Amino acid sequence: MAQQAVTPQSVDFAAWYNEIVYKADLAAPSPVRGCIIIKPYGYELWEGIKGGLERRFKATGHQNAYFPLFIPESYLKREAEHVEGFSPELAVVTIAGGKQLEEPLVVRPTSETIIGEAFSQWIQSYRDLPLLINQWANVVRWELRTRPFLRTAEFLWQEGHTAHATEADAEAETLQMLDIYAQLARDDAAIPVIKGRKSDREKFAGALRTYTIEGMMRDQKALQCGTSHNLGQNFARAFDIQYLDENNNRQLCWTTSWGMSTRMVGAVVMAHGDDKGLRLPPVLAPIQVVIVPIYKNDGEKSLVLETIARIKNELSGAGVRVQVDTREGLSPGFKFNDWEMRGVPLRMEIGPKDVEKNNAVLARRDMGKEGKQFVAQEGLAQRVKDLLAEVQNNLRQQAADFRDSHIHDVSSYDQMRQVVEAGGWARGWWGGSGADEARIKDETGATIRCFPFEQPGGSGQCFFTGGDAPQVALFARAY
RNA sequence: CGGGGCGUAGCGCAGUUGGCAGCGCGCCGUGUUUGGGACGCGGAGGUCAUGGGUUCAAAUCCCGUCGCCCCGACCA
């Protein structure tokens, strides 16, 4: 059960986050270092994200498949940059069935290699392209510092893997999927994100280009919420993914991969939560409306519950996810706080006075006391749906305003440092090298989150080197 | 892998000079409560991380081992 106050965000954001995750019943600690148990409420939130993605994947012609958890070690090594990127964080099985394995099996950190091997067999002709596959899976990356949902040793995600005949097709797919992630974040999770390209230093090991959506959390730190990679022909070359074109010539495929993970649950927590708990966007909220009955005696109780049963049916029938809090022995006040901790967007109170007057009390989670209102029971379902839409919009607007007010344009390193020191995001012309990036990270803690798609146009003067800069970059401290 | 800290009830913790294993929250029962975090009474719950040692006697002292947390390094 959720309960009691939480460390305020302003005092210690990290402590706030950890407490919220456990008190809102999203997750529980696990006996295995760096792993978590995702509890039903947290898993339902993930299912909401999954559902939103799944719908969009299917609408764009992707199919699900499933590939093995174990990957022959030699597969990883076929793509030089890839293996170098992942080696430090691999978990490897060397003994199975009581015997030393001839070839160690890597627990997948991602599946480009084993899927690449499969693709090389599935694809013969240009008629087999594009091949659009998605997999829902768990992956393991042996991280040294872990945090619930944000970075865990094992996490759940989807990984899309596609193969195309041309570079242009692959690029279009990569951008299309990034756009789907941005839609999911904005329309479902109410997190406005910035789309952009990763610097070479930050891109996926083995990719030609990596695109990202970056969201701002309430401590102003950046969180990479999803990535989409144009893998060029790197994996096609390593795994011999070829097709015969219309002219009977053998050609290498162009492949992509893209992923969004349970980290997104952490994003929802950190982008919207306040000192009273979670604030869930209605589109993803496992429970959209909770009804708290108010009564003093058995007579009132049966009257109140009767009315509630009718209202619940009406709401369910209208497609609203509603739950009645029938727990005995807890005061209404306790329940209010409990559901606020869990982030339920709308609370309804029904008491004897409401039964009598055919009213209901509605309270919005995204607002304070002024969010409480008395409404008629007539037309309640529509009223609730309208309010849910308002909450969704308001959360997104609040997140957008917060983000926009903490992004600042900079034209000198001094300025950039000031912005970053204050916790904000710095946007400025960039023409520096990878080594310059490393130095900035060292000195300020900030990294290039992305080169935003939205560019001012033309070229400018790099705020760091003073040289010519072809584009602006977004710098921030990140998770 | 370096520095620091902690392992005692489900969770959070106290336990002094070695002398009956404790507190708060939660849990179970019961009665009174209930429109913003109720209260009384009665209960259940322990391999004091682990192995050894000192002692009449160890949660407490000594040695070892394991695990976890924090800071640093690392982080497609």
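Reckoned from all heavy atoms, side chains included, excluding hydrogens, waters and symmetry mates. Each chain gets a letter, A, B and so on, in the order its sequence line appears, and its residues count up from 1. Bear in mind the structure is a predicted one, so any value in this text is a computation, not a measurement.
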Do A:Glu54 and A:Asn64 pair up side chain to side chain, a donor and an acceptor below 3.5 Å, judged on atom types alone?
yes

Is there a Watson-Crick or G-U wobble partner for B:rG51 with both distances under 3.5 Å, and if so, which one is it?
B:rC63

Identified pairing partner of B:rC68, criterion: Watson-Crick or G-U wobble below 3.5 Å:
B:rG5

Touch check for A:Lys276, heavy atoms < 4.0 angstrom, all strands: base, sugar-phosphate only, or nothing?
nothing

Quick one: look up who B:rA38 pairs with, Watson-Crick or G-U, both distances under 3.5 Å, and put none if it's unpaired.
B:rU32

Strictly by Watson-Crick or wobble contacts shorter than 3.5 Å, is anything paired with B:rC74, and which nucleotide is it?
none

Let's test this: given Watson-Crick or G-U wobble pairing with both distances under 3.5 Å, identify the partner of B:rA57.
none

Is there any protein nitrogen or oxygen under 3.5 Å from a nitrogen or oxygen in nucleotides 38-42 of chain B, and what are the pairs?
| residue | atom | partner | partner atom | Å |
| --- | --- | --- | --- | --- |
| B:rA38 | OP1 | A:Ser331 | OG | 3.2 |
| B:rA38 | OP2 | A:Ser331 | OG | 2.3 |

Partner nucleotide of B:rG24 by Watson-Crick or wobble geometry (both distances under 3.5 Å):
B:rC11

With heavy atoms under 4.0 Å as the rule, sort A:Glu328 into base, sugar-phosphate or nothing.
nothing

Decide, yes or no, whether a salt bridge links A:Arg327 with A:Asp325 under the criterion of side-chain N to carboxylate O below 4.0 Å.
yes

Under 4.0 Å protein heavy-atom contact, by nucleotide of nucleotides 70-76 of chain B - B base, S sugar-phosphate only
SS-BBBB

Any side chain to side chain donor-acceptor pair (under 3.5 Å) pairs touching residues 201-216 of chain A, not counting sequence neighbours?
A:Glu81-A:Lys203, A:Glu171-A:Arg209, A:Glu171-A:Tyr211, A:Lys198-A:Glu214, A:Arg209-A:Tyr211, A:Thr210-A:His229, A:Thr212-A:Glu214, A:Glu214-A:Arg449

A:Pro8: side-chain contact (heavy atoms from CB on, under 4.5 Å) partners, not counting sequence neighbours
A:Ser10, A:Val11, A:Asp275

Got a sec? Which of residues 291-313 of chain A come in under 4.0 Å of RNA chain B, heavy atoms?
A:Ile294, A:Tyr295, A:Lys296

By ring-ring contact (aromatic ring centres under 6.0 Å, His included) - contacts of A:Tyr41 (at least two apart):
none

Got a sec, which residues hit side-chain contact (heavy atoms from CB on, under 4.5 Å) with A:Glu356, two or more places apart in sequence or on another chain?
none

Which residues pass the side-chain contact (heavy atoms from CB on, under 4.5 Å) test with A:Thr152, sequence neighbours left out?
A:Ile36, A:Phe155

Where at least one partner belongs to residues 150-164 of chain A, residue pairs that pass salt bridge (charged side-chain N to carboxylate O under 4.0 Å, His left out), sequence neighbours excluded:
A:Glu143-A:Arg151

So the salt bridge (charged side-chain N to carboxylate O under 4.0 Å, His left out) pairs with at least one residue in residues 225-238 of chain A (sequence neighbours excluded) are none

May I have all residue pairs that pass side chain to side chain donor-acceptor pair (under 3.5 Å) and include part of residues 372-383 of chain A, sequence neighbours excluded?
A:Arg310-A:Gln377, A:Glu349-A:Lys372, A:Gln373-A:Arg383, A:Gln382-A:Asp386

Qualifying residues under side-chain contact (heavy atoms from CB on, under 4.5 Å), relative to A:Pro104, sequence neighbours excluded:
A:Glu73, A:Val92, A:Thr94

